[in-house]
Every structure is written in structure tokens, then in C-alpha cells.
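Below is one structure; the comments refer to it alone.
Numbered from 1 within each chain, the chains take letters A, B, ... in sequence-line order. The structure displayed is predicted, hence computed values, not measured ones.
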Amino acid sequence: MAVEIVAPRGTFDVMPDDAGLWQFVEGLVRQTFEKCGYREIRTPVFEHTELFERGVGAATDIVEKEMYTFKDRGGRLITLRPEGTAPAVRAFVEHGLAGRSLPAKLYYIGPMFRYERPQAGRYRQFHQFGMEVVGAASPEADAEVIATPLAIFGAMGIQDVVVNLNSIGCPACKPAYRQRLREAYAPVLGRLCESCRARYDRNPLRLLDCKSDECRAALPEPPTIFGQLCPECGAHFDGLRRLLDKLGVEYVINPRLVRGLDYYTKTTFEYNVGGIGSQDAIGGGGRYDGLVEECGGAPTPAVGVACGLERCVLAARANASDEQYQAGLDVFIVSMGDAARERAFELAHEMRCAGLAADFDMVGRGLKAQMRYAGKMRARFVAILGDEELAAGQATIKDMSTGEQTRISQGELATCIGAGSAVNGE
RNA sequence: GUGGAUGUAGCUCAGGUGGCUAGAGCAUCAGAUUGUGGCUCUGAGGGUCGUGGGUUCAAGUCCCAUCAUCCACCCCA
């Protein structure tokens with residue numbers, strides 16, 4: 001009856017061989033965001049359920065069926081965060097960032113939770129990195145938010161990212177379009193799929209992104225919003241397009257791109273790539289001019305984007321091996337005999353204090369096995385301590401790539417290896 | 001939540017129509033070389049055949065259930 005304990009469904013371990021790639025990506029994300037003037041915000045992994053119900057939208061799939069929600073011991077209704085924008089906005093309001101210089105340019109990177117059926121590129125605990133510009137209404141903000149992740153994708157070696165772009169209007173023009181959609185779909189309501197019939201009442205925009213053949217056939221060309229955007233939204237969209245053109249960012253205007261979160265206004269966009277299965281969206285976002293107010297702040301325009309780390313890693317793996325991201329040791333200290341092993345222990349400590357990646361044998365392997373181990377640990381140098389070296393206060397140092405070796409005094413080890421690493425680039 | 005496929009060693013997989021102690025490659029460890037890695041050779045360790053039931057003289061093999069993984073739907077990151 002003893003059930004084998006494994007990682008829960010939809011979760012996974014990043015093992016040491018894979019961690020190098022993850023660290024590389026995380027470093028790249030932070031570096032890129034900070035270069036653009038964004039600063040990190042870290043919010044709790046759980047929040048009051050109400051934040052997501054109000055922020056993300058009660059009628060969304062996320063809130064209706066994908067949240068990890070539970071009562072804590074104090075009777076509070078708690079939800080593991082399914083996305084990062086609502087928490088960031090909550091923190092923005094709670095800490096009065098509106099009273100400081102705007103826009104607030106924030107980024108985050110961390111785990112999110114959604115109770116869904118796992119699949120390639122889809123997990124119950126997954127990771128997102130994202131950025132939010134809070135307090136800027138200009139199309140420049142939208143353009144920066146769209147372009148920055150593209151730089152990250154590029155640096156990761158992800159190729160052929162397609163940017164889908166749309167505008168879904170604002171409270172001034174969206175209602176009229178919504179009405180128009182209802183009118184257009186009304187005659188074919190009976191031919192729509194079950195979920196679309198529900199969408200017709202609750203959120204007619206979602207009718208647009210249903211992929212089922214019956215729904216597509218029922219109304220092959222639904223009216224687009226572009227003829228109906230209010231002057232402000234129209235100008236914003238044109239401005240954004242002009243800016244993207246200036247940056248050389250290619251995009252596809254996709255009038256069916258609606259996205260599943262309720263808070264979006266005006267701009268919505270999504271990044272898609274091939275080759276990673278049917279979950280081909282590696283990121284997406286949009287403008288959410290009403291969310292700050294919804295979370296209790298003053299009306300404040302904002303735009304943001306979130307990208308899936310797992311899917312990025314999947315896409316990057318298509319073009320790169322993991323090995324190139326695995327760090328190696330600067331030096332492995334081989335010892336023969338107990339006295340030498342103790343000295344190796346001391347020396348490893350000294351090397352580490354000198355800023356080198358150093359390790360030594362702590363299980364009493366033979367010389368040959370230690371050499372093999374050093375090779376596997378990708379050590380650039382091996383320092384050998386035998387009886388002779390020990391007596392003379394020296395070490396035999398071997399360059400593992402060339403096989404050359406010389407005797408030097410133990411005091412010179414760190415500088416010798418440090419110089420060697422300077423020569424090798426790094 | 002729905003449908004399909006799969007589940008044998010750490011990894012990748014062999015094991016026609018049920019039949020003796022369940023195999024290979026890679027990986028691990030050791031030896032060949034008692035002071036030297038990558039190549040080669042030799043050997044060793046490692047499996048309650050996902051789990052639980054059933055059919056049978058006999059189940060890795062057939063049946064049912066369950067769990068997990070993968071794929072598609074859905075949705076999105």
C-alpha cells in the first residue's frame with residue numbers, strides 16, 4: 001500500500017544537468033529588463049482569492065476552473081497565484097507607488113499555478129517572467145513591452161517568433177463592438193459550440209478566438225473592431241504600429257486575438273513559435289487601463305506582458321544543447337593518501353576564497369578515478385598532491401585541455417589558475 | 001473536464017501466438033595502468049517488469065481497475 005512518492009502531477013524537477021540553461025535564461029531576463037529601466041518586484045505566491053476573481057475576471061477560464069484555492073487555518077480564502085499582473089498591481093496600489101515617479105516599471109520572474117491537464121509545455125506549476133509599465137498611456141509603453149521580450153527570445157536563440165497583435169478597444173468603444181458581435185452571431189447561435197453559446201451572453205469577444213470548425217463555419221468573417229475603435233483607441237493603435245515599424249518588429253494583425261483575461265483594453269498581443277507542440281504561445285500580454293482602479297487605486301493606465309519560462313526553454317532547446325550552459329570547475333585537487341587529502345581539503349578552501357571554483361576528492365577514490373572524476377566535472381586544471389609534492393610544499397598542476405603539467409609551489413596555485421582562466425577567455 | 005497512445009535497470013529500449021535463474025546499449029563503480037582523465041578491453045552492482053486485482057498448472061506477455069507520462073480537444077504561459 002506504500003505509494004511511491006513522486007513529484008505531483010504537472011510538476012517537475014529541474015535537475016543539475018538542466019539547471020545551467022535555466023540559470024542562463026533567468027540571468028538574461030533580469031539583465032535585459034534592468035537594462036531597460038525595469039526593477040524587480042517580488043510578491044507572495046499566494047494571495048486572497050478575491051484579487052484574482054476581481055482582477056483576472058470571474059468569467060475567465062482561469063478563475064472558473066484553474067485556480068488552486070483553499071482555506072487556510074484562519075478561514076481566509078487563499079489562491080496560489082495563476083498569473084503575475086494582478087499581484088503586481090495590488091502591490092503597486094498597496095504601497096502607494098502611484099505617489100512616486102510614474103511610470104513604475106516593474107518586472108518579475110517566478111512560479112505560477114494553474115490546475116489544468118498537463119501536456120507538453122503545460123504544467124500545474126510553471127514559471128513566468130513578465131514586465132509591467134504602470135502609469136503610462138502612450139503607445140511607446142506598449143511598444144517597449146512588446147519589443148523587450150523579443151530581445152530575450154533572440155538572445156536565447158529562439159527563432160521565428162510570430163507576434164500577433166490586436167486591439168480590443170476601451171470602455172468607450174468596446175460595448176458597441178460587443179453589441180455588434182452579438183447581432184452578427186445571433187442568427188447562427190444554434191450552430192455554435194456549447195461553450196460559445198455561453199460566451200455569447202457572458203463575453204462575446206471570446207467568440208472570436210474559438211477554434212472549433214463549426215463556430216468558424218457558422219460565421220467565417222465576423223465583424224472586426226477596426227472600423228469601430230474610438231478616435232483615441234484608433235490613434236493609439238496606429239501609433240503603436242508606427243513605433244513597432246521603427247524598431248523593425250514584424251507583427252501580424254490578428255483581429256481574433258482576444259486572450260482569456262478580462263482586464264485587457266486596447267492592445268493585446270501574443271508570441272507564437274513552432275516546434276514545441278500545440279502549446280505554441282510563449283508569451284502574451286496587453287494593456288489594462290482599468291485594472292489599477294479595479295484594485296482600489298486611482299485610474300491609471302498600464303501595459304504588461306508575461307512569458308512562459310518552460311516554453312521558452314523548450315523553444316531554445318530546439319536550437320542549442322544543454323551542455324553549453326553547464327559550468328565547470330576551475331580546478332580539481334587530486335590527492336593520494338590521508339595526509340594529502342587533508343591538505344587538498346585546505347587548498348580547496350583557499351582556492352574558493354580566491355574566487356575560483358574548486359573541488360577535491362572526499363570519498364577516497366584512487367588517483368585514476370579522481371582524474372576521471374575531474375574530467376567529468378569539466379575541471380580546467382587538476383592539481384595533484386602526492387607524497388613528493390606534499391613534502392616539498394608543491395603541487396603538480398595539469399592543464400586538462402592540453403595535458404601539459406608542471407610542478408609549482410602550493411602558494412602559486414591560485415594565481416597560476418587565475419591566469420590560466422584569463423587566457424581561456426571566460 | 002473529454003478522447004487516444006504508452007508504462008520492463010538511473011536513461012533509451014529489446015523481450016512473435018503466456019512456459020525454466022528477465023536482456024542490450026549508455027550511465028555508475030572497479031580492474032587492465034599500485035603517480036595521471038577523455039579512447040579501448042574486462043568485470044561488477046543495479047529490476048517486487050507503474051500499482052492493485054482477475055483468468056491460468058503457469059502472466060513482463062491476456063482481462064479489469066487505478067496511477068503516471070505523452071499526444072489531441074479545451075485553454076493558455
Side-chain angles (χ1 to χ4, degrees), chain A residues 1-12 15 17 56 60-66 81-85 109-130 149 164 193-196 199 206 209-213 215 257-261 268 270-273 276-285 305-315 329 332 334-337 340 363 365-390 395-405 407:
Chain A
M1 196 57 210
V3 185
E4 201 182 348
I5 297 183
V6 296
R9 181 154 211 215
T11 68
F12 61 94
M15 298 303 285
D17 284 347
V56 175
T60 59
D61 282 10
I62 290 178
V63 171
E64 278 183 349
K65 51 189 194 193
E66 295 173 4
R81 64 179 182 196
E83 59 104 45
T85 299
I109 176 166
M112 306 293 163
F113 306 85
R114 255 121 100 158
Y115 190 89
E116 290 188 270
R117 187 102 172 234
Q119 194 176 322
R122 189 166 80 183
Y123 301 94
R124 291 183 173 181
Q125 174 176 337
F126 60 103
H127 297 76
Q128 287 187 334
F129 59 89
N164 279 278
C193 70
E194 203 178 321
S195 56
C196 277
R199 286 168 178 157
R206 298 288 312 280
D209 73 345
C210 182
K211 283 114 197 154
S212 89
D213 291 338
C215 298
L257 179 69
V258 170
R259 299 185 50 79
L261 292 78
T268 59
E270 205 166 279
Y271 309 102
N272 299 88
V273 292
I276 60 169
S278 67
Q279 306 303 319
D280 64 348
I282 59 173
V305 60
C307 304
L309 219 43
E310 285 78 6
R311 292 184 189 175
C312 287
V313 166
L314 224 49
L329 291 171
F332 186 88
V334 170
S335 58
M336 284 173 282
V363 293
R365 267 190 261 254
L367 169 70
K368 193 180 170 64
Q370 289 185 49
M371 291 299 297
R372 229 190 334 251
Y373 184 77
K376 258 179 300 213
M377 294 297 112
R378 303 159 172 270
R380 292 188 303 107
F381 289 94
V382 156
I384 301 167
L385 297 180
D387 293 338
E388 290 173 35
E389 288 91 342
L390 211 53
T396 298
I397 182 167
K398 174 168 183 170
D399 184 323
M400 293 293 269
S401 55
T402 64
E404 289 171 32
Q405 61 181 51
R407 279 262 201 111

#### Entry: Closest approach of P149(A) to V305(A) (non-hydrogen atoms, all atoms of both residues)
CG-CG1, 3.8 Å
### Query
Does F126(A) lie flat on the base of rA77(B), that is, centres under 5.5 Å apart and planes under 30° off?
yes
### Per R122(A) side chain, nearest of listed nucleotides rG37(B), rA68(B), rA77(B)
rA77(B)
### Message
If you only use heavy atoms from C-beta on, which nucleotide in rG35(B), rC70(B), rA77(B) is closest to the side chain of P118(A)?
### Response
rC70(B)
### Message
What is the separation between atom OH on Y373(A) and atom C1' on rA27(B), rounded to the nearest whole Å?
### Response
15 Å
### Query
Do you know the tightest heavy-atom contact between A369(A) and R365(A)?
CB-CD, 3.5 Å
#### Entry: Touch class at under 4.0 angstrom, heavy-atom based, for A369(A) against every strand present
sugar-phosphate
### Message
Is there a side-chain contact between Q279(A) and R122(A) in this structure, where contact means two heavy atoms from C-beta onward sitting under 4.5 Å apart?
### Response
yes
### Query
Which part of the nucleic acid does G130(A) contact within heavy-atom distance under 4.0 Å: base, sugar-phosphate only, or nothing?
nothing
### Query
What interatomic distance, in whole Å, is found between C1' of rG18(B) and the corresponding atom of rA58(B)?
8 Å
### Message
Any donor-acceptor pair, under 3.5 Å, between the side chain of Q405(A) and the base of rG35(B), if you only look at N and O atoms?
### Response
no
### Message
Regarding rA72(B), can its base be found pairing with the side chain of Q279(A) as donor and acceptor, where the two atoms are less than 3.5 Å apart?
### Response
no
### Task
Measure the shortest side-chain to side-chain distance between E83(A) and L261(A) over non-hydrogen atoms and say whether it is less than 4.5 angstrom.
yes
### Sugar-phosphate only, base, or nothing, as touched by E389(A) at under 4.0 Å among non-hydrogen atoms
base
### Task
Output the single nucleotide from rC76(B), rU69(B), rA77(B) whose closest atom is nearest the side chain of R206(A).
rC76(B)
### Query
Could you give the CZ-to-C1' distance, from R114(A) to rG1(B), as a whole number of Å?
17 Å
### Message
Can you work out whether G10(A) or E83(A) has the more 5'-proximal nearest nucleotide on RNA chain B?
### Response
G10(A)
### Task
Would you classify G366(A) as touching base, sugar-phosphate or nothing, given that sugar-phosphate means primed atoms plus P, OP1 and OP2, and contacts are heavy atoms under 4.0 Å?
nothing
Where do N or O atoms of nucleotides 4-11 of chain B meet protein N or O atoms at under 3.5 Å, pair by pair?
none

### Query
Say you pick atom C1' in rC73(B) and the same atom in rC11(B); how far apart are they, in whole Å?
32 Å
### Salt bridge flag under 4.0 Å for residues R124(A) and E116(A)
no
### Message
Can you check the distance between rU8(B) and rC62(B), where both ends of the measurement are the P atom (answer in whole Å)?
### Response
15 Å
### Residues in ring-ring contact (aromatic ring centres under 6.0 Å, His included) contact with Y373(A), at least two apart in sequence or another chain
F332(A)
### Query
Taking all atoms of both residues into account, what is the closest heavy-atom pair of F126(A) and F113(A), and its distance?
CE2-N, 4.1 Å
### Message
I want to check something: taking the side chain as every heavy atom from C-beta on, are R9(A) and P118(A) in contact at a cut-off of under 4.5 Å?
### Response
yes
### Message
Regarding rU36(B), can its base be found pairing with the side chain of Q370(A) as donor and acceptor, where the two atoms are less than 3.5 Å apart?
### Response
no
### Query
With respect to the phosphate group of rA77(B), does any side-chain polar atom (N or O) of R124(A) fall under 4.0 Å of OP1 or OP2?
no
### Whole-Å gap separating P (rC76(B)) and CD (E64(A))
11 Å
### Query
With sugar-phosphate meaning primed atoms plus P, OP1 and OP2, does E116(A) contact a base, only sugar-phosphate, or nothing at under 4.0 Å between heavy atoms?
base
### Given RNA chain B, 5'-ward residue of the pair K376(A) and Q119(A), judged by closest heavy atom
K376(A)
### Query
Pairs counted as Watson-Crick or G-U wobble with both distances under 3.5 Å: what dot-bracket string results for RNA chain B, using | for bases tied to another strand?
(((((((..((((.....[...)))).(((((.......))))).....(((((..]....))))))))))))....
### Note, N164(A) side chain near N272(A) side chain (heavy atom, < 4.5 Å)
yes
### Query
Can you tell me how far C1' in rU21(B) sits from the matching atom in rG16(B), rounded to whole Å?
23 Å
### Task
Pick base, sugar-phosphate or nothing for I282(A), based on heavy-atom distances below 4.0 Å to the nucleic acid.
sugar-phosphate
### Rounded distance in Å between the P positions of rA68(B) and rC74(B)
23 Å
### Message
How many whole angstroms separate atom CE of M377(A) from atom C1' of rU28(B)?
### Response
12 Å
### Query
Mind checking whether E310(A) and Q128(A) have side chains closer than 4.5 Å, heavy atoms only?
no
#### Entry: Atom pair distance, as rounded to whole Å: CG in D387(A) and P in rU36(B)
14 Å
### Task
Scan A120(A) against the nucleic acid and name what it touches under 4.0 Å (heavy atoms): base, sugar-phosphate only, or nothing.
sugar-phosphate
### Task
Starting from C1' on rC76(B), measure out to CG on L261(A) and report it in whole angstrom.
9 Å
#### Entry: rC49(B) versus rU40(B) - spacing of their P atoms, nearest Å
34 Å
#### Entry: Euclidean distance for C1', rU66(B) against rA14(B) (whole angstrom)
27 Å
### Message
Check this for me: does the side-chain of K368(A) come within 3.5 Å of the base of rU33(B) through a donor and an acceptor?
### Response
yes
### Query
Have Q119(A) and S278(A) got a donor and an acceptor in their side chains that come within less than 3.5 Å?
yes
#### Entry: Nearest-neighbour nucleotide for the S278(A) side chain, rG35(B), rC74(B), rA72(B) considered
rA72(B)
#### Entry: Same-atom distance (C1') from rC13(B) to rU6(B), integer angstrom
13 Å
### Query
Could you give the CZ-to-C1' distance, from F332(A) to rG38(B), as a whole number of Å?
16 Å
### Task
Could you check whether Y123(A) gets within reach of a base, just the sugar-phosphate, or nothing at all, counting any heavy atom under 4.0 Å?
base
### Task
Determine yes or no for a side-chain-to-main-chain donor-acceptor pair under 3.5 angstrom, with R407(A) supplying the side chain and A395(A) the backbone.
no
### Query
Any side-chain heavy-atom pair from S335(A) and Q370(A) closer than 4.5 angstrom?
yes
### Task
Would you mind reading off the distance between D280(A) atom CG and rA72(B) atom P, rounded to a whole angstrom?
10 Å
### Message
Can you see if the side chain of R311(A) gets near the phosphate of rC76(B) - specifically, an N or O under 4.0 Å from OP1 or OP2?
### Response
no
